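Since this is a predicted model, take the numbers as computed values, not measurements.
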Amino acid sequence: MQSPYSDTTETRQAIIEACLAMQAAGVNQGVSGNISLRTDAGMLITPSGQDYEKMHPDMMVLMPLDGSPPGKGQMKPSSEWQFHRDILLAKPAEMAVVHAHPVFCTALAMNHQPIPACHYMVAAFGGDDVPVAEYALFGSQDLSRLVVQALENRYGCLMANHGAVVTGDSLDRALWRMIELETLAKGYVTSLSIGNPKILTPEQMSEVKKAFADYGLRAR
């Protein structure tokens with residue numbers, strides 16, 4: 001699918017603003033999170049190991065989606081560029097990928113615990129649960145394969161012993177999903193601490209997913 005985003009200074013700045021918003025919302029700490037965006041020129045992705053507060057548009061890395069290396073003279077891309085690229089290739093309708101280490105998502109990921117249908121907002125991620133991608137070394141092709149597999153028919157997943165990743169048909173929608181996922185994870189962890197969450201039935205979730213056709217932040 002053709003991207004509505006062009007590789008412009010404004011688009012690059014929008015990625016930085018999304019990083020800052022992610023930091024402000026408390027879903028990421030330090031420099032561990034990363035964001036990519038499909039453009040008409042390839043994939044723009046945040047550089048490796050850079051403070052969000054100090055990033056500027058020229059630091060975004062433009063990478064081809066055909067597997068060839070980025071053009072010369074650019075900064076080193078995020079160490080997780082492989083799964084960003086492979087998610088965008090596997091999901092042509094998705095325009096943005098957001099990865100972070102939110103505390104409650106990461107706590108569940110450490111336990112290899114998916115989020116079941118404990119709340120109707122699970123439907124925001126495409127199914128009756130938020131699955132966990134199996135563990136593999138960060139930045140590896142194995143991790144990329146496992147994440148893409150977990151995201152089949154989903155818009156978000158946890159990553160074992162690592163963090164979380166979500167997609168969106170716009171940058172705003174992907175950021176919205178990451179914040180919603182951490183809110184959902186926090187609610188689930190809290191519920192587990194005081195009892196046994198009551199899980200919605202498949203029939204109830206089917207009803208919710210139909211209602212979700214017009215729910216939440218829409219693409220611009």
Above 12 or not: heavy atoms from other molecules or residues under 6.0 Å from [atom1] of [X]?
X	atom1	value
N196	CG	no
F104	CZ	yes
E134	CD	no

I want to check something: taking the side chain as every heavy atom from C-beta on, are [X] and [Y] in contact at a cut-off of under 4.5 Å?
X	Y	result
Y188	H119	no
L181	I115	yes
E182	M22	no
Y52	N28	yes
I45	R85	no
L62	R12	yes

Donor-acceptor contact present, side-chain E80 to main-chain F138, <3.5 Å: no

Gap between atom CD of Q13 and atom CE of M55 - 0.5 Å precision: 9.5 Å

Lys/Arg N to Asp/Glu carboxylate O, R154 vs D129, below 4.0 Å: yes

Residue pair N34, T46: steps toward the side chain to side chain donor-acceptor pair (under 3.5 Å) verdict: CA-CA 6 Å; N34 32 75; T46 47; 5.5 Å; no

Test salt bridge (charged side-chain N to carboxylate O under 4.0 Å, His left out) applied to K209 and D128, step by step: CA-CA 9 Å; K209 283 181 282 189; D128 289 1; 2.8 Å; yes

